[in-house]
Amino acid sequence: MPGASTPGRPPRSDSTAGVLFGMGAYSLWGLLPVYFIWLVPAGPFEIVANRVVWSLGFCALLLTVTKAWPQLIAAVRNKRILGNLSVAAALIGVNWLTYTFGVTSGQAIEASLGYFINPLVSVLLGVIFLKEKLRRLQWAAVGVGFAAVVVLTIGYGRLPWIALVLAASFGLYGFMKKRVGPRVDAASSLSIETAVLAPFAAVFMIVLSLNGRDTLGTLGAGHFWLMAASGIITAVPLLFFGAAARRLPMTTIGLLQYFTPVIQFILAITVLGEEMGPERWIGFGIVWLALVLLTVDMLRNYGQNRSLRRARSAMLPAASATPAAKPGQGRGNDAAPPLPLD
């Protein structure tokens, strides 16, 4: 019928909303360096501790408003889900701390590098843990990415550990979240992860306050509310991402993820005033080449799979319309073989 959407494809308005939600999520994540700079002189440990505690409060409010406490309780009672999310909490804690340290210590460029190479790490994790076989372009992308790390190590005069820790921790975090799958919604997942980290964060904040080294209550109301806003700033992009993931294919999500490191990289050079030497430009250029190879492979594989799905969809109605053979009647020589339904 005119105006009807293609089966298996979300309506155009829904796809547009998904793209907007995705751009919003990745753009907000990309702007985090500016927010963390505003929080200085708070150190990375204090920033992350506040981020955890205030996020937990925001999640509790969100769960109450959306009446999602039963889903949270069900997830907590499942030992496997709770175990996976506890590991995910430790990984995202390492990721947050490393990223905050990188930005507040004048190394935002290297922090952005971590998210540029994260897709390559995710591919390697699929090989290591899921026994996936890489296609030729994927192998080429991984090889080029390894060469980029070598070049950047020479350029930095050291191993770019901030980038590598960020890529590895976020890649493993995504792997643990994939093991949980759709059994836990975004709000419940974030609530459990922050609840796991909250006792450690609360103890650190108390010790910092007792030693007179905290900035939360000593630098005025403006600084206090900026720190408190970390709960909203943490949760909102995640909720946007969840809304995008429900509306868009993973290929589109994979392309949108480059928004974050691109924005971080531009901010590091223009706003934060970090310098890029020739060796770093060469290293980053090689990384971007690896990402081009990976993206081309992803788009080509997605196109082939979509063509195959369309072919199967077109053949299924024809197969169902074919009259069934009468009992005892054999198939002709030109009869079509059974359609694979997997």
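Values in this document were obtained by computation on a predicted structure and should not be read as measured data. Residue numbers start at 1 and run along the sequence shown.
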S.K.: For a side chain to side chain contact (heavy atoms under 4.5 Å, CB included) check, start with the C-alpha distance between Phe170 and Val121, then their side-chain angles and the critical distance, and finish with the verdict.
M.R.: CA-CA 9 Å; Phe170 199 71; Val121 172; over 6 Å; no
S.K.: Students often mix this up, so state it plainly: with edges at 30° and 60°, are the rings of Phe204 and Phe45 parallel, tilted or perpendicular?
M.R.: tilted
S.K.: Hey, is the main chain of Gly114 close enough, under 3.5 Å, to the side chain of Asn118 for a donor-acceptor pair?
M.R.: no
S.K.: Please find the pair of heavy atoms, one from Glu275 and one from Ile109, that lie closest to each other, and give the distance.
M.R.: O-CD1, 3.8 Å
S.K.: Is a donor on one side and an acceptor on the other found under 3.5 Å between the side chain of Glu110 and the backbone of Trp161?
M.R.: yes
S.K.: Does Asn211 use its side chain to pair, donor to acceptor, with the backbone of Arg213 at less than 3.5 Å?
M.R.: no
S.K.: Please check: side-chain N/O of Ser230 versus main-chain N/O of Met227, any donor-acceptor pairing under 3.5 Å?
M.R.: yes
S.K.: Taking atom types as modelled, find out whether Thr260 and Gln264 have a side-chain donor-acceptor pair closer than 3.5 angstrom.
M.R.: no
S.K.: Show your reasoning for whether side chain to side chain contact (heavy atoms under 4.5 Å, CB included) applies to Tyr26 and Phe240.
M.R.: CA-CA 9 Å; Tyr26 286 114; Phe240 280 3; over 6 Å; no
S.K.: Take Leu82 and Ile192, measure what side chain to side chain contact (heavy atoms under 4.5 Å, CB included) needs, and give me the verdict at the end.
M.R.: CA-CA 8 Å; Leu82 183 60; Ile192 293 173; 3.9 Å; yes
S.K.: Side chain of Ser188, backbone of Asp185: donor and acceptor closer than 3.5 Å?
M.R.: no
S.K.: For residues Ile286 and Ala148, report the shortest heavy-atom separation together with the two atoms involved.
M.R.: CG2-CB, 3.6 Å
S.K.: Over all heavy atoms of both residues, which pair between Ser105 and Gly102 is shortest? Give the atoms and the distance, please.
M.R.: OG-O, 3.4 Å
S.K.: Please check if the number of heavy atoms outside Phe200 that lie under 6.0 Å from its CZ is greater than 12.
M.R.: no
S.K.: Please report the shortest heavy-atom distance between Trp69 and Ala60, naming the atom on each side.
M.R.: CZ2-O, 3.7 Å
S.K.: Do side-chain atoms of Tyr35 reach the backbone of Leu226 as a donor and acceptor pair under 3.5 angstrom?
M.R.: yes
S.K.: Considering residues at least two apart in sequence or located in another chain, which fulfil the side chain to side chain contact (heavy atoms under 4.5 Å, CB included) criterion with Val127?
M.R.: Leu134
S.K.: Would you please classify the geometry between the Phe116 ring and the Trp288 ring as parallel, tilted or perpendicular, with 30° and 60° separating the classes?
M.R.: perpendicular
S.K.: What's the spacing between Trp96 CH2 and Leu197 CG if we round to 0.5 Å?
M.R.: 7.0 Å
S.K.: Considering only NZ, NE, NH1 and NH2 on the basic side and carboxylate oxygens on the acidic side, decide whether Arg51 and Glu46 come within less than 4.0 Å.
M.R.: no
S.K.: Who are the salt bridge (Lys or Arg N to Asp or Glu O under 4.0 Å) partners of Asp297, not counting sequence neighbours?
M.R.: Arg135
S.K.: So, does Arg158 use its side chain to make a donor-acceptor pair with the main chain of Ile154 at under 3.5 Å?
M.R.: no
